[in-house]
Amino acid sequence: MARALDERCVVSRRGPAEPAGLASFSASDLASPLSRRALAAEIRAACVDVGFFYVRNHSIPEPVIQATTDSARRFFALPTATKTKLDIHLSPDFKGYTALLGENANPNNKGDLHEGFDIGWEPMNHATQLTGPNVWPEDLPGFRQDVLAYYHAAVKLGKSLFPIFALALDLPENFFDDKVSASGVIMRLLHYPPQPASPLEGVEGIGAHTEYCFTILWQDHVPALQVMDTSGNWIDAVPIPGCLVVNLGDQFARWTNDLFKSTLHRAINASGQERYSIPVFFGVDYDVKLEPIPGCVTEDNPAKYEVVTAGDYVKLRLEDTYAHSKVAA
């Protein structure tokens with residue numbers, strides 16, 4: 001049975017009896033060098049220990065969250081035939097709708113028990129550019145505007161975290177500035193139906209996996225997210241009102257030569273209720289090389305990963321995730 005990672009024990013897990021506080025920040029926390037360094041030290045501890053932390057006092061307005069979640073419910077309530085017109089396999093850039101069991105995050109499983117809708121970077125006023133055009137449902141008034149409003153608010157929040165991550169690695173605050181200009185950011189709306197009381201073998205809400213760079217997650221009140229700790233135990237990352245979950249992924253692990261953790265996690269909706277979540281996956285520009293950050297490779301700790309571009313790595317991960325549901329041409 002999973003233990004709970006609750007609001008008393010969310011930033012770093014040095015041990016079960018050593019809880020830490022929330023990683024809490026607002027605009028005032030980012031205003032001075034001293035406050036930014038204090039926040040960076042707190043986040044560094046979380047990134048080294050477990051790779052997960054919560055954030056409160058974030059900058060995404062509650063009305064934007066509510067409008068987006070309402071639009072997600074409207075979309076997922078559409079007839080299946082309507083949603084599958086936007087099937088993600090019809091897009092060369094992994095945009096659009098994923099049906100139940102259409103994704104398989106854990107290759108040892110048979111499919112993930114959720115449905116999703118994916119978008120990438122797009123200005124509010126017109127469509128653009130991995131960064132190909134998004135696809136949108138017809139006859140769903142306000143959906144695009146609601147979803148993009150959340151997307152851009154989350155992008156703004158994510159970009160404010162990069163300087164803090166830089167400070168946490170004893171780098172100049174602007175280290176990532178030239179690596180995040182084109183917003184390699186993917187956002188998903190996810191709907192998890194309740195899992196059966198006796199789950200099917202190899203079927204979870206989303207199977208155990210790691211992320212690409214880092215993820216900002218909004219989740220509703222229904223518990224499902226679990227994080228694996230360093231002892232191999234599953235810890236419940238319970239929803240905390242007003243808080244977002246941030247978890248690191250493989251790009252940071254590659255950059256830091258595993259100093260920062262890319263933590264295995266999964267979602268199992270055993271609540272008997274529907275669950276909704278909005279993960280926003282942050283990556284650097286797709287042409288950026290994922291090579292070790294200065295100071296993270298030494299004679300005693302040689303480089304562990306081959307150097308690849310961020311785009312090639314993300315594309316490979318996406319192809320693996322959706323391969324089992326792709327229909328051969």
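Count residues from 1 along the sequence. Quick caveat, the model's predicted, so the values are computed rather than measured.
- Annotation: side chain of Val147 is in contact with side chain of Leu189 (closest heavy-atom distance under 4.5 Å).
- At least one side-chain heavy atom of Ile268 sits under 4.5 Å from a side-chain heavy atom of Gln226.
- Between the CZ atom in Phe214 and the CZ atom in Phe281 there is a gap of 12.0 Å [rounded to 0.5 Å].
- By the rule that hydrophobic residues join a cluster once side-chain heavy atoms approach within less than 4.5 Å of another member, Tyr305 and Val288 end up as members of separate clusters.
- Not a single salt bridge (Lys or Arg N to Asp or Glu O under 4.0 Å) links Lys261 to another residue, sequence neighbours left out.
- Placement of Leu167 and Leu259 in two distinct hydrophobic clusters is found when ILVMFWY residues are connected by side-chain heavy-atom separations under 4.5 Å, directly or transitively.
- Under a 3.5 Å cut-off, the side chain of Ser91 and the backbone N or O of Ile88 do not form any donor-acceptor pair.
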Return all side-chain donor-acceptor pairs below 3.5 angstrom for residues 239-248, not counting sequence neighbours, or 'none' if the list is empty.
none

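- Applying the salt bridge (Lys or Arg N to Asp or Glu O under 4.0 Å) test to Glu173 and every residue at least two apart in sequence or in another chain returns Arg36.
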Practice prompt. Could you walk me through whether Trp234 and Val227 pass the side chain to side chain contact (heavy atoms under 4.5 Å, CB included) test, one step at a time?
Written response: CA-CA 5 Å; Trp234 287 108; Val227 182; 5.6 Å; no

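- Listed for the Lys83 side chain is no donor-acceptor partner under 3.5 Å among the backbone atoms of Phe75.
- Atoms SG and CG, on Cys296 and Asp170 in that order, are 9.5 Å from each other to the nearest 0.5 Å.
- Atom NZ of residue Lys95 and atom CZ of residue Phe117 lie 10.5 Å apart, to the nearest 0.5 angstrom.
- Between the side chain of Asp229 and the main chain of Gly232, a donor-acceptor pair closer than 3.5 Å is present.
- Side chains of Asp49 and Arg44 form no contact here, defined as non-hydrogen atoms less than 4.5 Å apart.
- Side-chain N/O atoms of Asn269 and Ser271 include a donor and acceptor closer than 3.5 Å.
- The residues Lys179 and Asp285 are annotated as not salt-bridged, no charged nitrogen and carboxylate oxygen being separated by less than 4.0 angstrom.
- One side chain, Ser32 or Ser35, offers a donor N or O that lies under 3.5 Å from an acceptor on the other.
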Worksheet item: Between Trp136 and Leu86, is a side chain to side chain contact (heavy atoms under 4.5 Å, CB included) present by the stated rule, with each step listed?
Response: CA-CA 8 Å; Trp136 300 101; Leu86 303 174; over 6 Å; no

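- No donor-acceptor pair under 3.5 Å is formed between the side chain of Thr215 and the backbone N or O of Leu217.
- Clustering ILVMFWY residues whenever any of their side-chain heavy atoms sit less than 4.5 angstrom apart, transitively, puts Leu113 in a cluster other than the one holding Leu190.
- By the 4.5 Å heavy-atom criterion applied to side chains, Leu169 and Thr256 are counted as neighbours.
- At a cut-off of 3.5 Å, with distance as the only test, a side-chain donor of Asp312 or Thr309 sits close to an acceptor on the other residue.
- For the pair Thr84 (side chain) and Asp87 (backbone), a donor-acceptor distance under 3.5 Å is absent.
- The minimum heavy-atom distance between Ala166 and Pro172, with the atom names listed, is CB-O, 3.3 Å.
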Worksheet entry | Test side chain to side chain contact (heavy atoms under 4.5 Å, CB included) applied to Trp255 and Asp250, step by step | CA-CA 8 Å; Trp255 272 326; Asp250 296 347; over 6 Å; no

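- You'll find the side chain of Val55 reaches within 4.5 Å of the side chain of His58, heavy atoms only.
- In terms of the salt bridge (Lys or Arg N to Asp or Glu O under 4.0 Å) criterion, Asp220 has no residue partners (sequence neighbours excluded).
- One hydrophobic cluster, built from ILVMFWY side chains closer than 4.5 Å, holds both Leu39 and Val48.
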Discussion item. Set out, in order, the CA-CA distance, both residues' side-chain angles and the distance that settles ring pair (Phe, Tyr, Trp, His ring centres under 6.0 Å) for Tyr276 and Tyr192, then state yes or no.
Written reply: CA-CA 6 Å; Tyr276 293 86; Tyr192 295 81; 9.0 Å; no

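- Between Val185 and Tyr151, the closest side-chain pair of non-hydrogen atoms falls below 4.5 Å.
- Cluster membership for Val238 and Ile206, using ILVMFWY side-chain heavy atoms within less than 4.5 angstrom, is not shared.
- Under a 3.5 Å cut-off, the side chain of Ser71 and the backbone N or O of Asp146 do not form any donor-acceptor pair.
- The environment of CZ in Arg73 is crowded: more than 12 heavy-atom neighbours from other residues, nucleotides or ligands sit within 6.0 Å.
- Distance check, rounded to the nearest 0.5 Å: CE of Met187 to CG of Asn134 gives 10.0 Å.
- In this structure, Arg74 forms no cation-pi arrangement with Phe143, as its terminal cationic atom is not both closer than 6.0 Å to the ring centre and no more than 45° off the ring axis.
- With values rounded to the nearest 0.5 angstrom, Glu122 atom CD is found 7.5 Å from His152 atom NE2.
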Practice prompt. Check the pair Arg266, His209 against side chain to side chain contact (heavy atoms under 4.5 Å, CB included), reporting the backbone distance first and the verdict last.
Written response: CA-CA 7 Å; Arg266 65 184 183 183; His209 65 288; 5.5 Å; no

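- Annotation: side chain of Lys85 is not in contact with side chain of Tyr97 (no heavy-atom distance under 4.5 Å).
- Side-chain contact check for Phe94 versus Asp118: every heavy-atom pair is 4.5 Å or farther apart.
- A side-chain donor-acceptor contact under 3.5 Å links His114 to the backbone of Gly205.
- A donor-acceptor pair is defined here as one N or O able to donate and one able to accept, closer than 3.5 Å; such a pair exists between the side chain of Arg275 and the backbone of Val222.
- Taking Tyr150 as the reference, nothing meets the ring pair (Phe, Tyr, Trp, His ring centres under 6.0 Å) condition, with sequence neighbours excluded.
- Under a cut-off of 6.0 angstrom, the local environment of CD in Glu138 is sparse, with at most 12 non-hydrogen atoms contributed by other residues, nucleotides or ligands.
- Screening Phe175, Phe252, Phe260 against Ile293 for a side-chain contact (heavy atoms from CB on, under 4.5 Å) leaves a single residue, Phe175.
- Atom CZ of Phe282 and atom CD1 of Ile216 lie 4.0 Å apart (nearest 0.5 Å).
- Between Phe52 and His265, the ring planes lie perpendicular to each other; the angle is over 60°, past the 30° to 60° tilted range.
- Scanning all heavy atoms of the two residues, the minimum distance from Ala253 to Ser262 falls at CB-CB, 3.9 Å.
- Remark: Lys304 pairs with Asp258 by the salt bridge (Lys or Arg N to Asp or Glu O under 4.0 Å) rule, at least two apart or across chains.
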